[in-house]
Amino acid sequence: MFSRMMQSGEKEKQEKSKIGLKHLPFNDHFTLSNPSSTLKLKNKESKVFILGNSQIVLEQENDSDQVIAKQIDAGSAGLFLIRAAYSLVAFLMSGFLFVFCIQLILFLFLGLAIESGLTSSDEEFTFLVFVGTLFAIPAYLFGMANAMTLAMAFITDVWNGQKFLKTILKWDSVLVDWVSTSVFLFVPFLVGAGYLFAEVDDWWDKTLIAWFTCVFIYFLVFAAVTIYHEIDGCFQLIRYSRNRDKSFDNINGKFSLEILKAAMLMKMKNKLGGKAYVDTTVCGKLDCETVETSQGQDEKRSNSIQYLPMSRLTLLFVGCGLYKPVYKRLHTIDDISGHTPFVTNSTWGLDTIYCRNRKTRYITVVKGESALTHKQVISSFICYLVGLAFTLIIFVAFMVWFELPKGAIGVLCGAYVIWCYWSVRNSAALKSLYDKVVTQKTDTDESEVLYQVRERFKVTEPKDNVCWVVLFLEFLLFFVCPVGSLFHAGNVPVGSLFIFVSIITMTRRYCNSTVALEEFGTLDGIETDNAKTGEDQEAKEEDWREKHRLGLIMRDISSGRKNDFWLSVFAFFILAFCGLFMIAVWKGADSGLNEGWTYTSKFQYPGSGNLEYTSCTIGQNIVPPDTTETSLSDFTFLAGVAYESPDITSGSLENWFNHNGTDTGKTIDHENLLQQWRSQYEQENGKSAVTYKFLGFPKSNVGVVTIRGTSNGWDALSDAQLWSAASLAQWIRALMPLGEVFTPVLTYLVQVVSAIES
């Protein structure tokens with residue numbers, strides 16, 4: 001009997017041991033930052049997952065049916081400091097890339113005005129140059145946004161220990177870490193040590209330059225391989241996706257003309273096709289597949305369809321034979337990756353709920369063991385209302401501080417209140433639905449969830465011929481026309497940069513992996529041409545690497561919030577400079593004031609504050625144009641002469657320096673000499689919007705160049721171009737911890753950024 005009990009106990013242990021890690025088939029999803037690791041020890045088995053600098057460990061003893069989950073911190077202060085130093089240099093590099101982009105926008109608008117003849121009333125308006133330069137702005141906009149998105153991804157990857165770079169290049173992790181350490185540490189500091197041995201005074205300046213150069217080259221490598229794999233991912237999806245409409249099995253090699261044509265056609269159909277949004281509110285007991293696809297038998301469901309304005313226009317083209325009707329869901333990377341965060345009673349937070357990304361599909365648990373409490377739901381709703389009121393108060397306060405008209409404040413507040421009404425109405429409907437679900441009694445302990453999802457559908461699609469015609473027009477207007485305009489105006493550096501940026505931007509836009517994912521709705525198939533396929537561990541890791549790499553590129557670089565953010569930032573600057581440009585065009589260029597100064601002989605300075613006595617003389621070692629006693633007032637007068645028209649300059653000089661009429665010829669306005677020199681200078685260096693005069697004083701053997709400051713919109717654009725680089729550089733330094741350490745390198749970087757002006 002005792003033996004039977006022992007055998008029974010052994011069987012029970014064996015049955016329990018069949019439950020847990022050893023008998024569960026783990027497959028790493030491509031959203032994991034690293035593939036998991038399996039450890040088989042003598043008395044237990046563990047599964048290790050990487051989460052930043054922490055490790056999530058799942059453990060099971062050999063004779064236990066329980067799986068224990070724990071988190072282990074694998075970081076250290078030294079690791080934090082060294083990655084912080086690497087990230088600071090990467091941030092500095094990205095900051096100056098941003099400054100360069102702003103300078104490029106300013107140069108485009110100022111060059112647009114100068115080359116088209118808008119800054120001078122003496123030159124004719126050149127329409128072709130104006131339109132050609134204007135059409136260069138979209139390519140630069142997308143190119144600059146893509147560059148900054150890549151820079152932010154680079155900073156993130158540096159902080160995370162180059163995890164992304166390891167999956168991109170398929171390098172061994174040891175090699176990547178050695179290369180990164182050399183770039184960020186060994187090479188720049190060995191350069192610094194060499195300058196120290198040579199006893200060079202500015203050794204730290206040169207070390208910073210070497211450090212910055214190494215990081216910038218490393219970033220270029222990062223950007224190049226990222227773009228390559230982004231385009232390669234698009235081609236792989238078109239060629240191997242299981243949902244493709246056309247087979248490319250007879251094509252050899254990775255890249256081919258047929259696949260390129262298919263990618264461009266897919267992009268144009270996606271871009272020009274009519275689209276509609278379907279907003280769905282779902283509540284009930286849902287399985288995982290239902291949650292991710294919003295399909296299935298749900299207890300409560302409500303739908304609303306919203307057509308985009310241009311989509312309704314494409315419906316008219318269907319009758320003309322230019323379009324055809326379709327009904328196809330367009331997927332996102334969040335759909336494919338199952339990005340559906342859960343809001344439970346333990347994950348809830350007041351700031352977390354209010355600041356959540358409202359485009360993300362959050363699943364709120366309203367019934368069950370992890371359901372939100374009534375206090376949490378009420379607090380979320382009240383916080384949302386308070387947030388709207390708080391935003392309105394701050395908004396109105398700033399408008400009052402800027403002294404906007406009361407009518408304008410009322411109109412803006414009215415528009416905000418109308419928007420708030422629809423938003424609050426939607427939130428109140430969700431709250432009402434939640435109350436109904438909670439009050440219903442159920443016999444099971446299964447969780448019930450509530451969530452909203454917005455799905456995008458393609459409702460119309462253009463014919464192939466329409467796509468090719470529109471593609472040709474885009475190429476003609478946004479590439480051929482700007483290139484011809486920039487080179488015709490003699491702007492060879494910016495024209496060459498435009499060709500480089502346009503080729504990369506157009507290639508990424510027309511060979512777009514995000515569009516391919518929207519059309520096919522899956523990443524399955526891109527593992528077809530892997531070196532190893534099957535169910536062994538190496539094949540699974542390579543499959544994970546392919547999908548993980550492409551998923552990160554699409555989510556963080558090709559599209560997503562980061563790319564949208566930088567598009568919005570540069571669009572804001574373009575609109576701001578465009579507004580300044582339009583004001584300048586409206587007011588026009590002027591040659592100066594047509595009326596001179598009015599003088600008085602009865603002025604008396606009574607003394608005030610720290611300056612009790614009048615001061616009319618200037619410091620030593622400066623040769624005055626007239627007498628030493630009035631040198632300060634003379635220079636002040638000459639600064640004001642710069643704002644006068646050339647027609648009255650000679651008269652103003654005569655009235656000031658020869659007011660008695662006894663000493664004629666004391667001053668000369670060298671207008672003709674200045675125009676000859678200016679014409680020669682602009683032929684060699686390009687046109688300039690700066691206005692200045694050259695005044696001579698023969699008896700004193702002195703010549704004075706007086707430069708006009710900000711007098712119109714063109715001068716304001718010139719000021720922005722002259723001073724924005726230095727100002728933005730100082731702001732970037734202020735944002736960085738220990739920013740003063742990098743001060744010596746700012747001068748060199750501003751010089752490089754300002755090279756666009758020449």
Side-chain angles (χ1 to χ4, degrees), residues 28-37 47-57 71-95 97 146-186 211 214-230 233 333-334 337 339 341 357 541-542 544-563 565-566 735-737:
D28 294 332
H29 198 261
F30 67 86
T31 53
L32 292 175
S33 60
N34 290 80
S36 62
S37 303
K47 201 77 173 177
V48 182
F49 298 89
I50 304 299
L51 182 64
N53 292 328
S54 300
Q55 298 177 357
I56 303 296
V57 182
Q71 181 174 352
I72 301 174
D73 185 9
S76 65
L79 178 64
F80 174 82
L81 289 176
I82 197 168
R83 287 190 178 176
Y86 293 174
S87 301
L88 280 178
V89 182
F91 179 81
L92 180 65
M93 182 275 302
S94 303
L97 181 62
N146 292 336
M148 289 307 303
T149 305
L150 283 167
M152 293 299 101
F154 179 68
I155 296 174
T156 303
D157 194 49
V158 168
W159 175 256
N160 292 330
Q162 291 80 37
K163 292 179 181 178
F164 186 33
L165 191 60
K166 294 172 185 176
T167 63
I168 289 180
L169 297 180
K170 298 183 181 178
W171 283 354
D172 182 80
S173 60
V174 176
L175 179 59
V176 173
D177 286 337
W178 274 110
V179 171
S180 300
T181 304
S182 300
V183 167
F184 284 97
L185 191 64
F186 292 158
W211 201 358
C214 290
V215 174
F216 183 69
I217 294 174
Y218 199 40
F219 165 70
L220 293 180
V221 174
F222 175 89
V225 296
T226 302
I227 294 173
Y228 168 80
H229 282 287
E230 178 185 13
I333 185 61
D334 286 343
S337 61
H339 184 70
N357 179 18
E541 285 191 8
E542 189 168 359
W544 170 85
R545 184 182 293 108
E546 290 282 327
K547 295 179 179 178
H548 173 76
R549 178 181 62 234
L550 187 57
L552 282 181
I553 290 174
M554 287 190 290
R555 188 184 64 200
D556 295 337
I557 298 175
S558 299
S559 59
R561 297 188 300 272
K562 296 178 182 178
N563 190 66
F565 170 77
W566 287 113
L735 291 174
M736 294 175 58

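What you are looking at is a predicted structure, and each value in this text was computed from that prediction instead of being measured.
- Taking the side chain as every heavy atom from C-beta outward, Met152 and Phe565 never approach each other to under 4.5 Å.
- Among residues two or more places apart in sequence or in another chain, the side chain to side chain contact (heavy atoms under 4.5 Å, CB included) test is passed with Leu32 by Asp28, Phe49, Trp544.
- Summarising the geometry, atom CD belonging to Gln71 is positioned 4.0 Å from atom CD1 belonging to Ile56; distances are rounded to the nearest 0.5 Å.
- Of all heavy-atom pairs spanning Val48 and Gln55, the tightest one is CG1-OE1, 3.9 Å.
- The line from CG of Leu552 to OG1 of Thr31 is 9.5 Å long, rounded to the nearest 0.5 Å.
- One distance of note links SG of Cys214 with CE of Met93; it measures 12.5 Å at 0.5 Å rounding.
- Remark: Tyr86 engages Phe184 in a ring-ring contact (aromatic ring centres under 6.0 Å, His included) (not counting sequence neighbours).
- Screening Ile227, Asn146, Leu150 for a side chain to side chain contact (heavy atoms under 4.5 Å, CB included) involving Ile557 leaves a single residue, Leu150.
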Problem set entry | Residue pair Phe164, Asp556: steps toward the side chain to side chain contact (heavy atoms under 4.5 Å, CB included) verdict | CA-CA 11 Å; Phe164 186 33; Asp556 295 337; over 6 Å; no
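- Taking all atoms of both residues into account, the shortest heavy-atom contact from Arg549 to Thr167 is NH1-O, 3.0 Å.
- A distance of 12.5 Å separates CG in Leu51 from CD1 in Ile72, rounded to the nearest 0.5 Å.
- In this structure, Tyr218 and Val179 have side chains that are in contact, with non-hydrogen atoms separated by less than 4.5 Å.
- Considering only heavy atoms from C-beta on, Val215 comes within 4.5 Å of Phe154 through its side chain.
- Taking the side chain as every heavy atom from C-beta outward, Thr156 and Lys562 approach each other to under 4.5 Å.
- Ile217 has its side chain out of reach of Val183: every pair of non-hydrogen atoms, C-beta onward, lies at least 4.5 Å apart.
- Judged purely by atom type and a 3.5 angstrom limit, Asn34 has no side-chain atom pairing as donor or acceptor with the backbone of Ile50.
- The structure places CZ of Arg83 at 7.5 Å from CD of Gln162, a figure rounded to the nearest 0.5 Å.
- Salt bridge Asp177/Lys166: present, at least one basic N to carboxylate O contact under 4.0 Å.
- For the atom pair CD1 (Ile333) and OG (Ser558), the distance works out to 9.5 Å, reported to the nearest 0.5 Å.
- Taking both residues in full, the closest heavy atoms of Ser94 and Met148 are given as O-CE, 3.6 Å, listed atom of the first, atom of the second, then distance.
- With a 4.5 Å cut-off on side-chain heavy atoms, Val57 and Lys47 do not count as touching.
- Remark: Phe80 engages Trp159 in a ring-ring contact (aromatic ring centres under 6.0 Å, His included) (not counting sequence neighbours).
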